[in-house]
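Please read the structure below before turning to the comments.
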Amino acid sequence: MAITPLVMGNWKMNGRAQSLAEFLQTVVTVEGAEAALCPPAVYLAQAASSGLSIGAQDVSAEKGGARTGELSAAMLKDIGCDYAIVGHSERREYHAESNELVAAKAAAAVAEGLVPVFCVGETLAQREAGQVEQVIAEQLAPLLKLPQVMAAAVVAYEPVWAIGTGKTASSSDAQQVHAFIRTQYAAVDAKIAAALRILYGGSVKPDNAMELCAMPDINGALVGGASLEAASFNQIIQAAAASSAV
Ligand code: PEP
C-alpha cells in the first residue's frame, strides 16, 4: 500500500509572529507529500490560516477543568489543529511523562478527531546497552492496548541522542527500528500496521532526508531545527515527495 509521506516541522519554543508570517509566505506544498507545522501553541491560529496541516506540540490527557496551563484536544481542534505530538522526548524528560500518560494523551486527541503523533525513541545509554527494541516496545505497549487510537495514530521514531545534536541514525539503523515498530503493530492488527505512517526524527536535514525517506518503513520526517527556515523545510518536503515517487 502506498503511504503518502508526512513531513512535520516542530518549532518547539522558537519563532515569533513575524518569523512565522515570513515562513508561511515561503513554505511550499508539493504533490506527493503532506507538510505540517507545529508552532508554539499561541501561534497555532496564525498558522492555521495557511495551506499547511497544523499540529500542537502537546495535548492534555484531560477533557477540561483544573489543569492550569494545559490545552485540551477539543480546544486544539477548535483552533484548526489536525495533529498533536504526544510523548516528545523533551516532554518525557522535562515533564516526567510516563508511557501510560502519553497513551492517554493520544486517546484524548483521537476522541476529538486529532491525529496523535506518538513519539518513541531510546537514549544513547539504552542503545549502547542493546535495549533499543525493549525500550520501544515498552513505550508502544499502552498504545497497542487501544485499537482505535493506534489505528488513528502516526508513530515517530526519534532516537533521543539524535535530536538537536547533528547526529542522525544511519538510514539502515533507522529502517531497522521502523520495521520493528511496524512488526509490533502487526502483532495486534496487520491491516493497521500496513497503513501506519512512521516518521523518523533526529537531525533530519535537506542532505539526509532523501536517503532516510527512501527506506521502506520510513514514511516521512519529524523535523526540529531544520524546520525553522522555510528554505530547508521546503527541501525536506521535496525530498520526501521525491522518495515516495521512486
Ligand atoms: C525534534 O525535536 O523532534 C527533532 C527531531 O529535532 P531536530 O530535527 O532538531 O533533531
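Just so we're clear, the structure is a prediction, and the values are computed from it rather than from any experiment. Whatever order the structure lists them in is the order used to number ligands and atoms, beginning at 1.
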With a 4.5 Å cut-off on side-chain heavy atoms, are S72 and K63 touching?
no
### Task
Determine whether V7 and L222 make a side-chain contact, defined as any pair of heavy atoms from C-beta on separated by less than 4.5 Å.
no
Note: ligand 1 atoms sitting under 4.0 Å from heavy atoms of A162 are 10 (O)
Please say whether V223 places an N or O atom under 3.5 Å from an N or O atom belonging to ligand 1. no
message = Working note: C38 + I54, criterion side chain to side chain contact (heavy atoms under 4.5 Å, CB included); need CA distance, chi angles, decisive distance, verdict.
response = CA-CA 6 Å; C38 304; I54 297 301; over 6 Å; no
Does some non-hydrogen atom of S227 fall short of 4.0 Å from ligand 1?
no
Residue, atom and distance of the protein heavy atom nearest atom 1 (C) of ligand 1 read H88 NE2, 3.3 Å
Closest heavy-atom approach to atom 10 (O) of ligand 1 among P159, G225, G164 is made by G164
Contact region, N10 to ligand 1, non-hydrogen atoms below 4.0 Å, reads side chain
Item to check | is_close_aromatic(F23, W11), centroid dist under 6.0 Å | outcome: yes
Problem - Stepwise side chain to side chain contact (heavy atoms under 4.5 Å, CB included) check, V177 with D217 - result: CA-CA 9 Å; V177 180; D217 289 298; over 6 Å; no
Quick note on ligand 1: atoms under 4.0 Å from a heavy atom of L222 include exactly 3 (O), 5 (C)
Exercise. Using distance alone, determine whether K12 and ligand 1 share an N or O pair under 3.5 Å.
Key: yes
**Message:** Under 4.0 Å between a side-chain nitrogen and a carboxylate oxygen: does that hold for E97 and R92?
**Reply:** no
(Q) Less than 4.0 angstrom from a charged side-chain N to a carboxylate O is my criterion; do R16 and E22 meet it? (A) no
Taking only non-hydrogen atoms of S203 and a 4.0 Å limit, the atoms of ligand 1 in range are 7 (P), 8 (O), 10 (O)
for atom 3 (O) of ligand 1, nearest protein heavy atom and its distance come out as E158 OE2, 2.7 Å
From the list E70, K105, R67, side chain to side chain donor-acceptor pair (under 3.5 Å) with S60 holds only for E70
Residue, atom and distance of the protein heavy atom nearest atom 4 (C) of ligand 1 read G224 N, 3.6 Å
Counting from 1 in the order shown, the ligand 1 atoms closer than 4.0 Å to a non-hydrogen atom of G202 are 5 (C), 10 (O)
